[in-house]
Structure formats: structure tokens, C-alpha cells
2 protein chains.
Amino acid sequence: MSDTLQLEKQLCFRLYSVNKAMNRLYAPMLKELGLTYPQYLVMLALWDKPKAVTVKQLGEMLDLDSGTLSPLLKRMEKQALLHRSRSEFDERSVQVSLSAHGKNIRSKAKLIPAKMFAKTGLPLDEFLMLNNKLDQLLTRLSES
Amino acid sequence: MSDTLQLEKQLCFRLYSVNKAMNRLYAPMLKELGLTYPQYLVMLALWDKPKAVTVKQLGEMLDLDSGTLSPLLKRMEKQALLHRSRSEFDERSVQVSLSAHGKNIRSKAKLIPAKMFAKTGLPLDEFLMLNNKLDQLLTRLSES
DNA sequence: TCAAATTAAGTTGCGTACAACTTAATTTGT
DNA sequence: ACAAATTAAGTTGTACGCAACTTAATTTGA
């Protein structure tokens, strides 16, 4: 009767699918900037801060560990999106800062959120509501 | 003032984060069954069907292409979770069917959705509402 | 003070995702 | 009937995520 294992019913499959669909819509827009989605997240984090940020801080902001970030940042440095340098104060940590190119593409990136909002087809209040619900859910899941 | 590029505001970052958080909660439970999350999705699809399913059909159900599915199914066959065989009627297509082991672990898997629902900490009506909203969003995004 | 513990970043290995491509089988349109 | 188009899987190459591990620097505590 009520089979709990049905694919269509599962919240996490919805999240998985929506996440992939989002990614597919972002990909062509980001490609124009020479970015993947995780690289875009790094750029968002850097654009948001006036100063350089450590790899550890980036990891906290994006919830990614060094196993993901180290090669990702290395690729981004090779594309001249950012610089990396050992901290003078603590030789263990690495400072990540925007390159000129990295700063320049910000203006193009500013157009992206509005385009994506339009593609969701959601009225603003529903968009905000959904955002809030997901934020609550994230908090609960992180506590588990 | 209202910077549209702020990480915290973006719906897609929420989806990205929640999706990862979900995955982390699933991982230890699925590890007991010897499954990854995408492998679990394949098993859900197979458990749901009385007969064998083609790779193409699996791809439609899970929204994955053969570039992802072929190696994934090959790994699952090696773990004796399922069988693969060329269709007699159309030699291009491959039939995927459950092995005895694949059928057996279903009973253990049945406990997972309830555990995950508990971990969301959401009341049932909110859980269903969120599920619906994401389903709507998926439809809109797929149309774009 | 100085060995032990902790911390930050990086490396290795595995499993997705997906674009772009190849191969083989089937369908098609004349 | 049969060449051209289409279709289903699979392969190759790139980029995440993350577990487990290594290395080097800093902190700690007896």
C-alpha cells in the first residue's frame, strides 16, 4: 500500500534532482565567465570580502574540505582568477585573493542571479519562503 | 546596499548545501548496505519495478545519461547487486535486473526513509509542502 | 622547554556527473 | 532493398566531493 521506498516520494531525490537542474541552467551562463558552479561559489565568497581569505575560511563558508578546495583553487589560480600565497603570520595557512581578472568578471556575474530567479518562475514571496525553509532544513540536518 | 551576489541569499547555494548535508546523513546508513547514494537511487528504481529495466529507462527515471550510468551499473554488477544483459529483442539495449542479494537488502533499506524524515525534524505537513514546492520548481527549471 | 597534540593545507584514491565522442544495432525513407 | 539517419550503450576526459592519509607549522602542557 504505502511503500516508503518510492522514488517519487522522497525529499532527498527532489533535492538531488533540483540541484542538478539548477546546475544545468547555471553551466552555460558560467561558461561565458570561464567558471564552473563550485568555482562561482568561490568567486562569490571572494567578491563578498574586502580582504584575502584563507583556505580554511573558504572551506567554512562553502562547507568544503581541503581535499576539494586545494585542487579547485589550484585550477582557478592557473586560470588567473585568483592568487594563493602562504600567510606570513602563520605559515600553515594560505591566503586566497582576487586577481585583476577575478575582480573584472564580477560585473558580468551580477546579471546571473536575476536571470536565475526568472527561470525559477516563482513569485518573490514563494522564492523567499522556499529559501527560508531550506535554510531551516540545513540547520536541522547539520545538527543531526 | 542590496548586493544580488551575496552567497547567503542565493537559493541555489541553499539547494547545493542541503543536498550535500542530506548526502552526508545518508552515507553511513547506506554504507551498511554497501551502497552509495546514486547506487541507492538505482536500487529504489529497481525495487519499484516488477520486471527488468533498460539502461535508458533508468536514465529517464533518475535523469542520468549513459556516461554516468554505464560505469555505475558496472560497479554495481561487480558487487553482485544486479545483473546486466543485452536485450534479445533489441541488441542495442541492456536489461538491468535485481540479483538475489539486491532483492535481499530491500528489507533493510525500508528503514531508511523514516530515519531520514526524523532527521529533517520537520512536521509532516511541512515536509510534504517542501517536497511539493521542490517538485514545482523542478518542473519550471526543466522547462527553461 | 620541548615532546605531544593540534591545526592547515595538500595528496591519493574512489565514485559520481556530464560533455563529447565512438560503436553497433535498428529504423527510416525512397 | 538498402543507404542515411537515428538510437542505445559505452568510452574518454575533466571537475567536483569526500574519506583517509601525509607533511609541515604552531600550540599545548607537564
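Every chain is numbered from 1 and lettered A, B, ... according to where its sequence line falls, protein lines coming before strand lines. Keep in mind that this is a model prediction, so the values were computed, not measured. Both backbone and side-chain heavy atoms feed into the values below; hydrogens, waters and symmetry mates do not.
Residue-level contact check: A/Ser93 touches the backbone only, with heavy atoms under 4.0 Å from sugar-phosphate atoms and none from bases. At a threshold of 4.0 angstrom between heavy atoms, the contacts of A/Thr36 are confined to the sugar-phosphate backbone, with no base atom among them. Backbone-only contact: A/Arg24 has heavy atoms under 4.0 Å from sugar-phosphate atoms and none from a base.
Of the residues near DNA chain C, A/Arg86 and A/Ala21, the one whose nearest nucleotide (by heavy atom distance) lies more toward the 5' end is A/Arg86. Mapped onto DNA chain C by nearest heavy atom, B/Ser66 and A/Tyr16 fall at different nucleotides, with A/Tyr16 at the one closer to the 5' end. Across the interface with DNA chain D, nearest-nucleotide mapping of B/Lys20 and A/Gln79 shows A/Gln79 to be the residue nearer the 5′ end. Of the residues near DNA chain D, A/Asp90 and A/Gln39, the one whose nearest nucleotide (by heavy atom distance) lies more toward the 5' end is A/Gln39.
The pair A/Lys108-A/Glu32 does not meet the salt-bridge criterion, since no charged nitrogen lies less than 4.0 angstrom from a carboxylate oxygen. Taking the charged nitrogens against the carboxylate oxygens, B/Glu91 and B/Arg86 have no contact shorter than 4.0 Å, which rules out a salt bridge. Ion pairing of B/Asp63 with A/Arg24 is present here, as a side-chain N (NZ or NE/NH1/NH2) and a carboxylate O approach within less than 4.0 Å.
The interatomic distance linking B/Leu69 (CG) with C/dA19 (C1') rounds to 15 Å, in whole Å. Whole-Å rounding puts the A/Asn23 CG to C/dT16 P distance at 17 Å. The distance from atom NZ of B/Lys74 to atom P of C/dA17 is 18 Å, rounded to the nearest whole Å. Atom NZ in A/Lys31 sits about 8 Å away from atom C1' in C/dA19, given to the nearest Å. Rounded to a whole Å, the CG atom of B/Leu72 is 8 Å from the P atom of C/dA17. Whole-Å rounding puts the B/Lys78 NZ to C/dG15 C1' distance at 12 Å.
Rotation axes derived from the C1' atoms of the five outermost pairs at either end of the helix from C/dT1-D/dA30 to C/dT30-D/dA1 lie 10° apart, to the nearest 10°.
For the residue pair B/Leu98 and B/Met43, the shortest heavy atom distance occurs at CD2-CE, 3.6 Å. Scanning all heavy atoms of the two residues, the minimum distance from A/Ser99 to A/Ala80 falls at OG-O, 2.6 Å.
In this structure a side-chain-to-backbone donor-acceptor pair under 3.5 Å is missing from A/Asn132 to A/Asp135. In this structure a side-chain-to-backbone donor-acceptor pair under 3.5 Å is present from B/Ser70 to B/Ser66.
Residue B/Met116 is grouped with residue B/Leu124 when hydrophobic side chains (ILVMFWY) are merged at heavy-atom distances under 4.5 angstrom, including chains of intermediate members.
In the displayed structure, B/Lys20 atom NZ is contacted under 6.0 Å by more than 12 heavy atoms of other residues, nucleotides or ligands.
Put simply, chain A comes within 4.0 Å of DNA chain D, heavy atom to any atom, from D/dA15 to D/dT26, going 5' to 3'.
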